[in-house]
Structure formats: C-alpha cells, structure tokens
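Shown next, in structure tokens, is the structure this report addresses.
Worth saying up front: this structure is predicted, and the values here are computed from it rather than measured.
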Amino acid sequence: MKNIFIALLFLTLSTNISAENFFPREILSSEDSFNLSASVYKDDLIISILINEKSYIYSEQLSLTDGINDISYETIGELLEIKDEFLGESLIYRNSLDLLVRNLDRYINKSLMLTYQGCLEKVICYPKISKNIKIKKDNKSNIFFEFL
C-alpha cells in the first residue's frame with residue numbers, strides 16, 4: 001500500500017511539473033496584449049497603443065489608412081531589434097507606441113484603419129489586427145473616437 005501511495009505521489013508531481021513547463025500559465029487575448037486609445041494634442045491626433053509587458057508589435061506590420069490611401073504618421077516609442085521564433089530578425093515596439101497624425105481636422109467625420117501584428121513573447125503570434133477608428137466632432141467642437 002505504501003508503494004502504491006509513493007508511486008501515485010510521484011506520478012502526480014511529475015505530471016504537474018511537466019504540464020506546468022509545457023503549457024504557458026496565461027495566454028492573453030490580443031485585446032489584453034494591446035490596449036488602444038486616441039487623444040487630441042493641439043491640432044493633431046495621437047493614437048496610443050499600451051503594450052502588455054510580455055507582448056510586442058512588429059514595426060514592419062504597422063499601417064494606417066483612410067480605407068484607400070496610406071496616412072503618414074510619426075511613431076513615438078522605443079524601437080528594438082530582436083530575433084524571434086516567428087519572423088526572425090525584426091524591429092519591434094514594447095511597452096507603448098504612439099502614432100502622431102498631423103492635422104486632425106482632415107479626418108473629422110471619417111474612419112481610419114489601423115493595422116498591426118504582434119506577439120505574446122514565446123507563446124503566440126497573433127494574426128494581423130485591424131481596428132477601425134471613427135473620428136467625430138459634436139456641435140460643441142468636442143472630438144470623440146470610436147474603435148470598432
């Protein structure tokens with residue numbers, strides 16, 4: 001009986017250890033990895049992406065369009081070079097990334113399409129993500145953003 005108990009205990013411990021090492025503790029959704037917001041700075045639009053500490057965004061996979069044409073923007077964020085198991089040598093953004101779009105008035109009552117791709121480090125690479133950003137102004141000149 002004692003031998004059976006020891007064998008079961010060993011089997012339980014070895015299963016827990018190997019399962020813990022094999023399966024990641026937490027797989028985040030893309031929404032948990034990348035939190036989007038937008039704001040106005042002077043006459044410009046700032047699209048902010050707060051990046052989870054375990055995640056990153058590929059710089060080469062980042063784009064902003066009006067549905068037809070590319071929109072020029074400046075990026076604000078630390079650009080790092082990595083070699084990962086998904087795309088090899090790549091330039092990425094960690095922690096946070098801001099896209100500064102000049103002359104916000106050109107985009108009032110329009111929709112912008114933000115596209116990006118990123119990964120949860122050593123766990124999963126998300127498919128390309130596209131977010132539609134509607135920019136609206138009310139009759140009191142307040143500007144609102146809606147992410148779809």
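Cluster membership check: Ile51 shares its hydrophobic cluster with Leu91, using side-chain heavy-atom separations under 4.5 Å among Ile, Leu, Val, Met, Phe, Trp and Tyr. Cluster annotation: Ile129 and Leu50 are assigned to distinct hydrophobic clusters (Ile/Leu/Val/Met/Phe/Trp/Tyr, side-chain heavy-atom contacts under 4.5 Å, transitive). A single hydrophobic cluster is not seen to contain both Met113 and Ile46; linkage of ILVMFWY side chains at heavy-atom distances under 4.5 Å, directly or through other members, places them apart. Using a 4.5 Å cut-off between side-chain heavy atoms of Ile, Leu, Val, Met, Phe, Trp and Tyr, with links allowed through other members, Val40 and Tyr107 fall into the same hydrophobic cluster. In this structure, Ile76 is not a member of the same hydrophobic cluster as Tyr58, with clusters built from ILVMFWY side-chain heavy atoms closer than 4.5 Å.
Under a cut-off of 6.0 angstrom, the local environment of CG in Asp43 is sparse, with at most 12 non-hydrogen atoms contributed by other residues, nucleotides or ligands. Around atom CZ of Phe144, more than 12 heavy atoms belonging to other residues, nucleotides or ligands sit under 6.0 Å away.
In this structure, CG in Leu99 is found 7.0 Å from OG1 in Thr75, a value given to the nearest 0.5 Å. Note that OG of Ser33 and CD of Glu53 are 11.0 Å apart. Values are rounded to the nearest 0.5 Å. Of the inter-residue distances, the one linking Ser39 atom OG with Phe145 atom CZ reads 6.5 Å to the nearest 0.5 angstrom. Going from atom SG of Cys119 over to atom NZ of Lys54 covers 15.0 Å, rounded to the nearest 0.5 Å. A distance of 11.0 Å separates OG of Ser30 from CG of Asn35, quoted to the nearest 0.5 Å. Atom OG of Ser96 sits about 10.0 Å away from atom CD1 of Ile57, to the nearest 0.5 Å.
Of all the heavy atoms in Asp44 and Asn103, the pair that sits closest is OD1-N, 3.1 Å. In terms of heavy-atom proximity, Ser48 sits nearest to Asp98 at OG-OD1, 2.7 Å. Taking both residues in full, the closest heavy atoms of Lys137 and Asn109 are given as N-OD1, 4.0 Å, listed atom of the first, atom of the second, then distance. Residue Leu45 comes nearest to Leu112 through the heavy atom pair CD2-CD1, 3.8 Å, listed as atom of the first residue, atom of the second, then distance. Between Asn132 and Ser111, the closest heavy-atom pair is OD1-CB, 3.1 Å.
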- request: Step by step, work out the side-chain contact (heavy atoms from CB on, under 4.5 Å) result for Leu28 and Tyr126.
  value: CA-CA 10 Å; Leu28 300 175; Tyr126 303 103; 3.9 Å; yes
- prompt: Taking it one step at a time, do Phe34 and Asn52 satisfy side-chain contact (heavy atoms from CB on, under 4.5 Å)?
  reply: CA-CA 6 Å; Phe34 313 113; Asn52 177 282; over 6 Å; no
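Glu81 is listed as a side-chain neighbour of Glu89, based on a closest heavy-atom distance under 4.5 Å. Counting heavy atoms from C-beta outward, Glu74 and Arg102 have side chains that approach closer than 4.5 Å. Within the 4.5 Å cutoff, side-chain heavy atoms of Ile133 are placed close to those of Leu114. Side-chain contact between Tyr116 and Lys131: present, with at least one pair of heavy atoms (C-beta onward) separated by less than 4.5 Å. At a threshold of 4.5 Å between non-hydrogen side-chain atoms, the residues Ile82 and Tyr56 count as touching.
When each of Lys110, Lys136, Lys134 is paired with Glu146, the salt bridge (charged side-chain N to carboxylate O under 4.0 Å, His left out) condition holds for Lys136 and for no other.
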